[in-house]
Undergrad: 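The structure that follows is given in the form of structure tokens.
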2 protein chains.
Amino acid sequence: MATSDFQQLLRESALRVTRPRLAVLGAVHSHPHADTDAIIRATREELPDVSHQAVYDVLRALTDAGLVRRIQPAGSVARYEARVADNHHHVVCRSCGAIEDVDCAVGAAPCLHPSGRHGFVVDEAEVVYWGLCPDCSAAGSEPATTSRGRA
Amino acid sequence: MATSDFQQLLRESALRVTRPRLAVLGAVHSHPHADTDAIIRATREELPDVSHQAVYDVLRALTDAGLVRRIQPAGSVARYEARVADNHHHVVCRSCGAIEDVDCAVGAAPCLHPSGRHGFVVDEAEVVYWGLCPDCSAAGSEPATTSRGRA
DNA sequence: CCGTATTCTGGAACGAGTCAAGAATACCTG
DNA sequence: CAGGTATTCTTGACTCGTTCCAGAATACGG
């Protein structure tokens, strides 16, 4: 995706087009499921002097605008992805924290009938599959080198 | 549930029976979905001098033993509940953070066929429904008094 | 090109949770 | 029932992701 596309995305969401925003948007698009720190580093490859605060602000703005999605499996720091509004879910590795996309198992719309439960007005069903990624699974119960644990 | 029941639960899990553990177990049973701070306070009603560290340690031990379940919706601190091994899920209020139990929508076992995805060995499917609780829903978009937001 | 509202910089602050060392305690054994 | 030992609890410092703040820089409508 080109810079001009990102510019358009921003404008369509009534967001000002700034260099930090373009850089962060690019970073999120090229690093799916990256955590904030990784995004800061990726952003700085393009724009060496962005402050971490700017990245936090931008991620919040982009999330609020729906241009990126924030995901945060239990025990993990915040992560961001660019796939939005297509109702997919995630598998998370208990051992190394790796995340992969999983398309909705049951159908298009929210996978489970989410309405009228206990009087709650439900607008989204989020599914997280927990398990072991191929690497950690192959490594048996040996601690993975990338180990992060779950809690 | 009585103290003697908790004692037995601990012994069955090969955990030593200590006053802090009994107190924390009691607190979790009587305060479903409470966060750590609330559990510390509840525990101190029975055992005024427990350290927060002891509560953290105990909660970890109980979680590892499967006597309590740790839940942590995105943007929330860790919460604990005593209902375990019955495959239920949760509705979370985006406005005030309230959590309610929801029994599995599709059947007994993990709601969605969680196996062989991308080579991951999946052992659990966790579902979180996001929306507004009756109170916040009724209050329209006015900020709830208990407001916690989501991020 | 100017003015103004928004965004970014730099640095301090916050809070949930963890680490570490020593004191207390549960519980196995004889 | 006492002794020994491994586990657990206390105390207090500390980490790390994230947020708050005030002032400087900037985008962009007019």
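Lettering follows sequence order; numbering is per chain, from 1.
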Undergrad: Using a cut-off of strictly less than 4.0 Å between a heavy atom of the residue and any atom of DNA chain C, enumerate the qualifying residues of residues 33-56 of chain A by number.
TA: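 When residues 33-56 of chain A is checked for heavy atoms under 4.0 Å from DNA chain C, the hits, listed by number, are A/Asp49, A/Val50, A/Ser51, A/Gln53, A/Ala54.
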
Undergrad: My understanding is that only residues two or more places apart in sequence, or in another chain, count here; which of them pass salt bridge (Lys or Arg N to Asp or Glu O under 4.0 Å) with B/Asp57?
TA: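 None.
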
Undergrad: In whole angstrom, what separates B/Arg79's CZ from C/dG17's C1'?
TA: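 Between C1' of C/dG17 and CZ of B/Arg79: 16 Å.
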
Undergrad: Please give, in whole Å, the distance from C/dT7 P to A/Leu59 CG?
TA: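 Computing the A/Leu59:CG to C/dT7:P distance gives 14 Å.
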
Undergrad: Look at the side-chain N and O atoms of B/Arg19 and state whether any lies under 4.0 Å from the OP1 or OP2 oxygen of C/dT25.
TA: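 Indeed not, no polar side-chain atom of B/Arg19 lies that close.
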
Undergrad: A/Asp64 side chain to A/Ala61 main-chain N or O, any donor-acceptor pair under 3.5 Å?
TA: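 Not confirmed, A/Asp64 side chain does not pair with A/Ala61 backbone.
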
Undergrad: Measure CZ/A/Arg70 against C1'/D/dT19 and give the value in whole Å, please.
TA: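 So the two atoms are 11 Å apart, to the nearest Å.
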
Undergrad: Looking at A/Arg69 and A/Glu126, does any basic side-chain N land under 4.0 Å from a carboxylate oxygen?
TA: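 Here A/Arg69 does not pair with A/Glu126 in a salt bridge, since their nearest N and O are not under 4.0 Å apart.
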
Undergrad: How many Å lie between CG on A/Asp57 and P on D/dT19, as a whole number?
TA: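 Distance check: A/Asp57 CG to D/dT19 P gives 9 Å.
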
Undergrad: Quick one: which of C/dC8, D/dC9, C/dG17 gets closest to the side chain of B/Val58?
TA: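 For B/Val58, the side-chain atoms sit closest to D/dC9.
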
Undergrad: Assign A/Ala61 to base, sugar-phosphate, or nothing according to its heavy-atom contacts below 4.0 angstrom with the strands shown.
TA: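 No contact.
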
Undergrad: Do A/Thr36 and A/Val77 touch side chain to side chain, with heavy atoms closer than 4.5 Å?
TA: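 No, their side chains stay 4.5 Å or more apart.
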
Undergrad: I need the CG-C1' distance between B/Leu10 and C/dC27, as an integer number of Å.
TA: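 Atom CG in B/Leu10 sits about 14 Å away from atom C1' in C/dC27.
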
Undergrad: Between the main-chain N or O of A/Gln72 and the side-chain N or O of A/Ser76, is there a donor-acceptor pair closer than 3.5 Å?
TA: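 Answer holds: no.
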
Undergrad: Could you write out each protein N or O paired with an N or O of nucleotides 28-30 of chain D at a distance under 3.5 Å?
TA:
{"unit_1": "D/dC28", "atom_1": "OP1", "unit_2": "A/Val17", "atom_2": "N", "d": "2.8"}

Undergrad: Excluding sequence neighbours, so at least two apart, what forms side-chain hydrogen bond (donor to acceptor under 3.5 Å, both in side chains) with B/His33?
TA: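 Checked B/His33 against side-chain hydrogen bond (donor to acceptor under 3.5 Å, both in side chains); matches are B/Glu81, B/Asp101.
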
Undergrad: For the pair B/Arg70 (side chain) and B/Ala78 (backbone), establish whether a donor and an acceptor sit closer than 3.5 Å, ignoring hydrogens and angles.
TA: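 Side chain of B/Arg70 to backbone of B/Ala78, a donor-acceptor pair under 3.5 Å: no, none is there.
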
Undergrad: For residues 39-51 of chain B, tabulate all N or O donor-acceptor pairs below 3.5 Å that involve a side-chain atom, not counting sequence neighbours.
TA:
{"unit_1": "B/Arg41", "atom_1": "NE", "unit_2": "B/Asp37", "atom_2": "OD2", "d": "3.3"}
{"unit_1": "B/Arg41", "atom_1": "NH2", "unit_2": "B/Asp37", "atom_2": "OD2", "d": "3.3"}
{"unit_1": "B/Thr43", "atom_1": "OG1", "unit_2": "B/Ile39", "atom_2": "O", "d": "2.6"}
{"unit_1": "B/Arg44", "atom_1": "NE", "unit_2": "B/Val50", "atom_2": "O", "d": "2.9"}
{"unit_1": "B/Arg44", "atom_1": "NH2", "unit_2": "B/Val50", "atom_2": "O", "d": "2.8"}
{"unit_1": "B/Ser51", "atom_1": "OG", "unit_2": "B/Ala54", "atom_2": "N", "d": "3.1"}

Undergrad: Roughly, in whole Å, what's the span from CD in B/Gln72 to P in D/dG17?
TA: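 Going from B/Gln72 (CD) to D/dG17 (P), I get 14 Å.
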
Undergrad: Can you pull out every ring-ring contact (aromatic ring centres under 6.0 Å, His included) where at least one residue sits in residues 61-82 of chain B? Sequence neighbours excluded, please.
TA: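 Residue pairs passing ring-ring contact (aromatic ring centres under 6.0 Å, His included), neighbours aside: none found.
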
Undergrad: Whole angstrom is fine here: how far is it from CG in A/Asp64 over to P in C/dT7?
TA: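 Result: 11 Å.
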
